[in-house]
Amino acid sequence: MGEWKRHRILMVSDFFYPNFGGVENHIYYLSQCLLKLGHKVVVMTHAYNNRSGVRYMTGGLKVYYVPWKPFLMQNTFPTFYGTLPIVRTILIREKISLVHGHQAFSTLCHEALMHARTMGYKVIFTDHSLYGFADAGSIHMNKVLQFTLAEVSQAICVSHTSKENTVLRSGLPPEKVFVIPNAVDTAMFKPAPERLSSHEIVIVVISRLVYRKGADLLVEVIPEVCRLYPNVRFIVGGDGPKRVRLEEMREKHSLQDRVEMLGAVQHSQVRSVLITGHIFLNSSLTEAFCIAILEAASCGLLTVSTRVGGVPEVLPDDMIVLAKPDPSDMVQAIKKAISILPKIDPQEMHNRMKELYNWHDVAKRTEIVYDRALKCSNQNLLQRLSRYLSCGAWAGKLFCLVMIIDFLLWHLLQLWKPAEDIEEVPDFVLSHDQDEGISQDNENQSLR
């Protein structure tokens, strides 16, 4: 083992608290565990409503809410070079050594990684999603990803399926891509104190009600299951454009007393919804990993899910029933789940999840990727441009032009505002007593 090295990491993404989701949770929990390992972690995201400027979270996690407002789906408007001054200032002020970007959808992530590469920093990218290859949106996104990953030091994917997808889309060498799964906070997601009665079986769905999450499948599956099993009841949490279809289905089949629509559910309330059910139903049409399945399993629920993306890699066979993304096959999978439900011990399932998925283990594995990234050799501008030229006959030349302009703007910034004029901030280190006090606070209170 080599000598331990303290990393100074800048996490960048458009997706972070107070917004809730898989990427947001991943960045937060990973950052907290890296802080406990002794590294410095700073998060950069865009402003959320009146939340702008610098904030501190649990454990002394420092967050820069830069004054960029979201443009579309929580993403900032792409400016290419508009973020260069503020990214440069944060990197120098915080004495950052590594830049870690999250999510291919994030405009801020792509721009920050581009500027960091121009300035000679080592960059790491984590891909949290799967994309296709045929539709116009995917073709555009894949070309952007090819540009971002052309010079990335290392990349991380959350499943082996996601790794194959990312390598095919970006042309990145497979040896540069590591597979590190997501995890779950088992201290937060634990089973109900008492086992639920089996006289009425409750199936829980918590998901964004959009096409990609298979909301249209639910419209066909729920009435059929209710017809076959008079003692089955559904609880549907989540909101989205497809909610109208579910409401119409409930009216059409007169299932108001058997299908409860909760609307949007705050993350702090997810456990309280999960522990009211026996089975968790996931109907996604595409999924790189699916943290929701981990949260449900940690609460002791048997999972029924579509066999898509990285989902088959998530849980052992005795904790999940997989089905094709087809209504009849999903109904059969729910039938099978109901038959094996008496064999499920929620507390035993929770204990297994503690061993299988742990954020501290994820942080240690990510630490290894950081060590590898720092060992990557530095390249001059001409060597870097040759990488971009290989991205395509026309795209390669365009990428080179973008990087040359970025390089020139960076040098102009150095002349206009030298690094020596940017004040470096002292590191914020919690004492043991402060750390103990903060760790006892409710996590959601700390995020307000």
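For the single chain, residues carry numbers from 1 onward in sequence order.
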Of His102, Arg372, His100, the residue whose pairing with Ile124 passes side chain to side chain contact (heavy atoms under 4.5 Å, CB included): His100

Contact list for residues 202-219, test side chain to side chain donor-acceptor pair (under 3.5 Å), sequence neighbours left out: Lys213-Glu287, Asp216-Lys242, Asp216-Arg245

Sequence-distant partners of Lys190, salt bridge (charged side-chain N to carboxylate O under 4.0 Å, His left out), two or more places apart: none

For Phe399, ring-ring contact (aromatic ring centres under 6.0 Å, His included) partners two or more places apart: Phe147

Side-chain donor or acceptor of Lys143 paired with backbone N/O of Cys391 under 3.5 Å: yes

Expected output: side-chain Arg8 to main-chain Val42 donor-acceptor under 3.5 Å: no

Qualifying ring pair (Phe, Tyr, Trp, His ring centres under 6.0 Å) pairs with a residue from residues 296-333, counting only residues at least two apart or across chains: none

Sequence-distant partners of Asn19, side chain to side chain donor-acceptor pair (under 3.5 Å), two or more places apart: Glu24

Sequence-distant partners of Asn378, side chain to side chain donor-acceptor pair (under 3.5 Å), two or more places apart: Lys122

Val304 vs Ile320 side-chain heavy atoms within contact, under 4.5 Å: no

Sub-4.5 Å side-chain heavy-atom contact between Leu302 and Ile340: yes

Partners passing side chain to side chain donor-acceptor pair (under 3.5 Å) against Lys163 (at least two apart in sequence or in another chain): none

Qualifying residues under ring-ring contact (aromatic ring centres under 6.0 Å, His included), relative to Tyr121, sequence neighbours excluded: none

Distance-only check: which donor-acceptor pairs under 3.5 Å involve side-chain atoms of residues 327-334, not counting sequence neighbours?
{"from": "Ser328", "atom 1": "OG", "to": "Asp326", "atom 2": "OD2", "distance (Å)": "2.5"}
{"from": "Asp329", "atom 1": "OD2", "to": "Lys324", "atom 2": "N", "distance (Å)": "2.6"}

Exam field: side chain Gln32 to backbone Thr58, donor-acceptor pair closer than 3.5 Å: yes

Asn165 vs Arg169, side chain to side chain donor-acceptor pair (under 3.5 Å): CA-CA, chis, key distance, verdict: CA-CA 6 Å; Asn165 183 264; Arg169 285 158 49 217; 2.6 Å; yes

Heavy-atom donor-acceptor pair, Glu111 side chain to Leu84 backbone, under 3.5 Å: no

Side chain Thr306, main chain Leu285, donor-acceptor under 3.5 Å: no

Sequence-distant partners of Gln103, side chain to side chain donor-acceptor pair (under 3.5 Å), two or more places apart: Ser129

Note, His128 side chain near Ser162 side chain (heavy atom, < 4.5 Å): no

Minimum side-chain heavy-atom gap Asn282-Phe280 below 4.5 Å: yes

Donor-acceptor pair, side chain of Tyr64 and main chain of His46, under 3.5 angstrom: no

Main-chain N/O of His110 paired to Thr148 side chain as donor or acceptor, under 3.5 Å: no

Whether His115 and Tyr81 hold their rings parallel, tilted or perpendicular, with breakpoints at 30° and 60°: tilted

Exercise: do Asn25 and Tyr17 side chains pair donor with acceptor under 3.5 Å: yes

Side-chain touch Pro241/Leu209, heavy atoms, less than 4.5 angstrom: no

Proximity of His26 and Tyr28 rings by center, below 6.0 Å: no

Contacts of Arg88 that satisfy salt bridge (charged side-chain N to carboxylate O under 4.0 Å, His left out) - sequence neighbours left out: none

Sub-4.5 Å side-chain heavy-atom contact between Trp68 and Phe77: no

Geometric class of the Trp359/Tyr29 ring pair [parallel <30°, tilted 30-60°, perpendicular >60°]: parallel

Side-chain (Lys36) to main-chain (Gly59) donor-acceptor, under 3.5 angstrom: no

Expected output: side-chain Thr107 to main-chain Thr76 donor-acceptor under 3.5 Å: yes

By ring-ring contact (aromatic ring centres under 6.0 Å, His included) - contacts of Phe407 (at least two apart): Trp410, His411

Polar side-chain atom of Ser170 near backbone of Leu149 as donor-acceptor pair, under 3.5 Å: no

Nearest atoms (heavy-atom pairs only) where Leu130 meets Thr286: CB-OG1, 3.6 Å

Non-hydrogen side-chain atoms of Tyr65 and Thr45 separated by less than 4.5 Å: yes

Any side-chain heavy-atom pair of Val184 and Ile291 under 4.5 Å: no

